[in-house]
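Scroll down for the structure; my scribbles are underneath it.
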Amino acid sequence: MAQLKRKNSAAFYDVDGTLIRINIVHAFAFYAMRQASLWDSIRVTTQTAASVPLFWAADKVSRKWFNELFYRYYEGFSEDRLIILSEELFEEVILPNIYPRARDLIAESRRAGVRQVLVSGALDFTMRPLARYLEVDDVIANRLEFKDGYATGKLAKPFIGGATKPVLLRDYAKKHGIDLAESWAYSDSYSDLTMLAVVGRPTACNPDRRLRAVARSYDWPVLDLS
Amino acid sequence: MRAIRPRTRARDREQIVTIDTDSAPRILFYGENFLLEDLPVGTRVIYPRRPMTGVANRQAAIRYALNHPEDMPPLHALLEPGMVVTIAVDDISLPLPPMARPDIRQTVLEIVCEMLADHGVDDVHIIVATSLHRRMHDHEIRRMVGDKVWNEYWPDRLYNHDACDPDGMVVLGRTRHGEIVETNKRAADSDLVIYVNINLVPMDGGHKSVGVGLCGYESLKAHHTPKAIVDSNSFMDPTASALSHSVDRIGRVCDEHMKVFHIETVLNNRMFSGPLDFLMKNEDDFTESDRLKYHAIKWTLDRTPRPLRREIFMRTPAAYELIACYAGATEPTHAKTLDKSYEQYAVEVEGQADILISGVPYISPYNVNSKALNPLLVQVMALGYFYHMYRKRPLLRDGGVLIITHPCSDHFDPVHHPSYIEFFNRLLPETRDSYTLEKKYQDEFAYNPSYVEMYRRGNAYHGTHPFYMWYWGQRGREKVGRVIVVGADNTTVPEILGWETAETLAEAIAMGRSTAGRSAQITMQHHPPILITDVIG
């Protein structure tokens, strides 16, 4: 089949809830349960489980607060261990939770010559195996700060999430010669409204109630990838 | 409504009524409601022909056609154990409104599937030939094919065609005019394709069944163009339609590569029955019961919210009856179908009209079970379908005035028509020129990944479908002098479509007369049900 090839377009995908069913807490729980010693695994897992209500409350107030709080729990994790575990995380947790139609959507977009980019508040090493599997061109994700091979519990700048996503999209577009008016953004969450609003072709994927209402108001396409 | 004396008219002239001083007011469709309007004395009202009598035993008529096909051996003689067979069926765009159960496709499929099983043919797939239309919902397919076929074939061997499946489509070649012939791979790889058609109007069936029903975008692109539309004198007369000629060329290439056995069914025009049967009558002949039904329905509709009104209409199936079934090779089968179709629909009319009045109903081929007849579909009903309901010469003279009645609300169904919304709000305000839209934007919409996904896995029309709707009206736009819409509930939609507005039909007629003259010939097409005019003189 013939195909229109777009040269200056990109498709930006939020990941958690949009392309996969799980979120960054699942990923952290996976890492927490696989500490170097059994005692550490029990300690970190228990600590994480006890903090879930706090994470939930922080996320309701601000995605930025949530991330700052959440990533502190990574303090002391070894970098090379996290990278090795991220491959296991992908195979055991992420792969079975990729929405069935997500890969088709990306394949269709790639056939149209559109540059494929994952934009996620999750950590870059967690996203890399997924990016490889989905054959996307780039990943914009949060990075942990490491000192002497161990995580400090802080995020390297720029922080990615909520209101900062459109800024990063603009920077990315400028760097790669992308026309945002001719680009797509896909997200499931109202918290990504700013990212959706910055492109010419916003699309709600498996949207939450607030985003669905916005999508209907602005006549954005609504996809169900599940 | 005034009580009107019953009249006796010659049966061969009963389709044409001239309004006089004591004529009854006429009922016009107004979306999901009706208007009751007094027409000026001298106005000509054209009614459809009476429904032809349905065959007494439709199973017998279908079996007879399968055993006595045109230019092909009988179906049973084509079957061998172990062969691969694909059955393609027309989608929900036909008939309108959907017919009462059992759908004629169900009857045909039950007979054909039984015959296939009796001959040891097990590798059978049934594909709903949607072309670039929306995928039918599961419940719609079940209603269409019936429980027996559904239980046996769904979902692995009964499914919607997918024109955007890169692994499911194959290019068979090109026509001598260079048109790409791309079709469904399963059908192309089959030893036999059986196409089950419903012929509602003469533009259905024939080579269009396989050539369009199972095609891909690049193939459809060859003939769904503004130029092909403008070069088609009438869509309802295939001999004078560039669109049909192109489809025929594509269909012939399909026939060279595939063995296709067509089963074409012709329905009468019994579109309304029961509480709506007054819509099948001349208002001058209304009985007290008809008047009561009309006023009761009108009273109810006036007090019912629009979504509920739609639901009421959509849940009222038509009482269509089978009037003929033909089978066999594409062209000889379709020739017989066309003859029967014209017998039901063609109405002879003397002379063209200067002003043509049409009521636009709630339904079109592209919004069955949708939340609205959106503005683009109102446009296609007016300038695409109703203007084109003729053979040879248009009923409305070139430069004439077309008056339609519809609220033209700014309502779209975001599930079925997502790309329509962008087309209407982003492209049309920029230009109404079909040629520019085709060149500049059509491929952009065709390969928009979101629209492709919504077409393939959701229930959306293909991203390019609104373009075809707009092209469909191109010839009408070029030939008609003015379009005036009566009763629009806003000014934005008519303005974007390039139409004028009037509060009442009387005002619209006065506006029309200001250009067509005081002695303008005014004609009202009293449809639906469907009618096709043959203008003589």
Side-chain angles (χ1 to χ4, degrees), chain A residues 1-13 18-19 99-117 134 136 179 181-187 196 199-207 211-226, chain B residues 162-171 174 180-183 185 215-222 371-372 374 410-426 439-461 463-464 466:
Chain A
M1 282 192 288
Q3 178 67 281
L4 174 74
K5 293 291 179 193
R6 299 164 194 273
K7 289 178 184 165
N8 306 318
S9 299
F12 300 98
Y13 303 90
T18 304
L19 301 178
Y99 282 122
R101 288 156 53 183
R103 210 173 177 202
D104 290 340
L105 173 66
I106 291 174
E108 185 61 45
S109 184
R110 197 170 44 242
R111 268 199 295 279
V114 177
R115 196 177 181 88
Q116 306 298 304
V117 187
L134 295 174
V136 304
D179 181 358
E182 293 295 318
S183 294
W184 284 259
Y186 299 87
S187 179
L196 293 167
V199 298
R201 304 173 190 291
T203 304
C205 278
N206 327 309
L211 182 60
R212 186 178 291 275
V214 171
R216 287 282 176 256
S217 303
Y218 291 101
D219 289 327
W220 295 347
V222 177
L223 299 185
D224 177 9
L225 298 182
S226 58
Chain B
D162 181 353
C164 293
D165 179 2
D167 303 320
M169 298 296 292
V170 62
V171 175
R174 283 179 184 266
I180 296 174
V181 183
E182 187 190 19
T183 196
K185 191 168 185 303
C215 79
Y217 167 65
E218 292 295 336
S219 203
L220 197 84
K221 202 174 159 179
K371 290 190 181 354
N374 67 52
D410 185 14
H411 287 143
F412 291 83
D413 186 323
V415 174
H416 290 171
H417 304 113
S419 63
Y420 279 61
I421 301 170
E422 185 180 354
F423 181 94
F424 186 76
N425 291 298
R426 184 184 142 219
K439 198 173 160 191
K440 202 169 166 188
Y441 294 115
Q442 187 178 301
D443 276 352
E444 179 195 317
F445 275 56
Y447 295 112
N448 181 323
S450 298
Y451 293 148
V452 172
E453 175 64 22
M454 293 173 93
Y455 162 78
R456 293 193 63 196
R457 307 273 170 32
N459 295 94
Y461 280 81
T464 54

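In what follows, every heavy atom counts, from backbone to side chain, and hydrogens, waters and symmetry copies are set aside. Lettering follows sequence order; numbering is per chain, from 1.
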Problem - Nearest heavy atoms of B/Tyr447 and A/Ala112, plus distance in Å - result: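 In terms of heavy atoms, the two residues are closest at O-CB, 3.8 Å.
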Handout entry: Which atom of A/Glu108 lies closest to which atom of B/Cys164, heavy atoms considered
Key =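 For A/Glu108 versus B/Cys164, the nearest heavy atoms are OE1-O, 4.5 Å.
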Practice task
Show the numbers, then the answer: is there a side-chain contact (heavy atoms from CB on, under 4.5 Å) between A/Arg101 and B/Glu453?
Solution key: CA-CA 9 Å; A/Arg101 288 156 53 183; B/Glu453 175 64 22; 2.8 Å; yes
Practice task
Heavy-atom pairs under 4.5 Å with chain A are the metric here; pick the option from B/Gly458, B/Pro418, B/Ser450 that has the most.
Solution key: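 It is B/Ser450.
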Practice task
Please flag which part of B/Val170 lies under 4.5 Å from any non-hydrogen atom of chain A: side chain, backbone, both or neither.
Solution key: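 No part of B/Val170 comes within 4.5 Å of chain A.
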Exercise for the section: Side chain from CB out, backbone as N, CA, C, O: work out which of these in B/Phe412 comes under 4.5 Å of a heavy atom of chain A, or both, or neither. Expected result: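 No part of B/Phe412 comes within 4.5 Å of chain A.
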Handout entry: Proximity breakdown for A/Thr203 and chain B, heavy-atom pairs closer than 4.5 Å
Key =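 Only the side chain of A/Thr203 comes within 4.5 Å of chain B.
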Handout entry: Heavy-atom contact with chain B under 4.5 Å, split by part of A/Leu225
Key =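 Side chain of A/Leu225 only, per the 4.5 Å heavy-atom cut-off to chain B.
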Practice task
Could you list the residues that satisfy salt bridge (Lys or Arg N to Asp or Glu O under 4.0 Å) with B/Asp413, not counting sequence neighbours?
Solution key: none
Exercise for the section: Anything in residues 211-221 of chain A with a heavy-atom distance to chain B below 4.5 Å? Please list those residues in order. Expected result: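 Hits under 4.5 Å: A/Arg216, A/Asp219, A/Pro221.
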Handout entry: Criterion salt bridge (Lys or Arg N to Asp or Glu O under 4.0 Å) on B/Glu444 and A/Arg201, from CA distance to verdict
Key = CA-CA 12 Å; B/Glu444 179 195 317; A/Arg201 304 173 190 291; 2.4 Å; yes
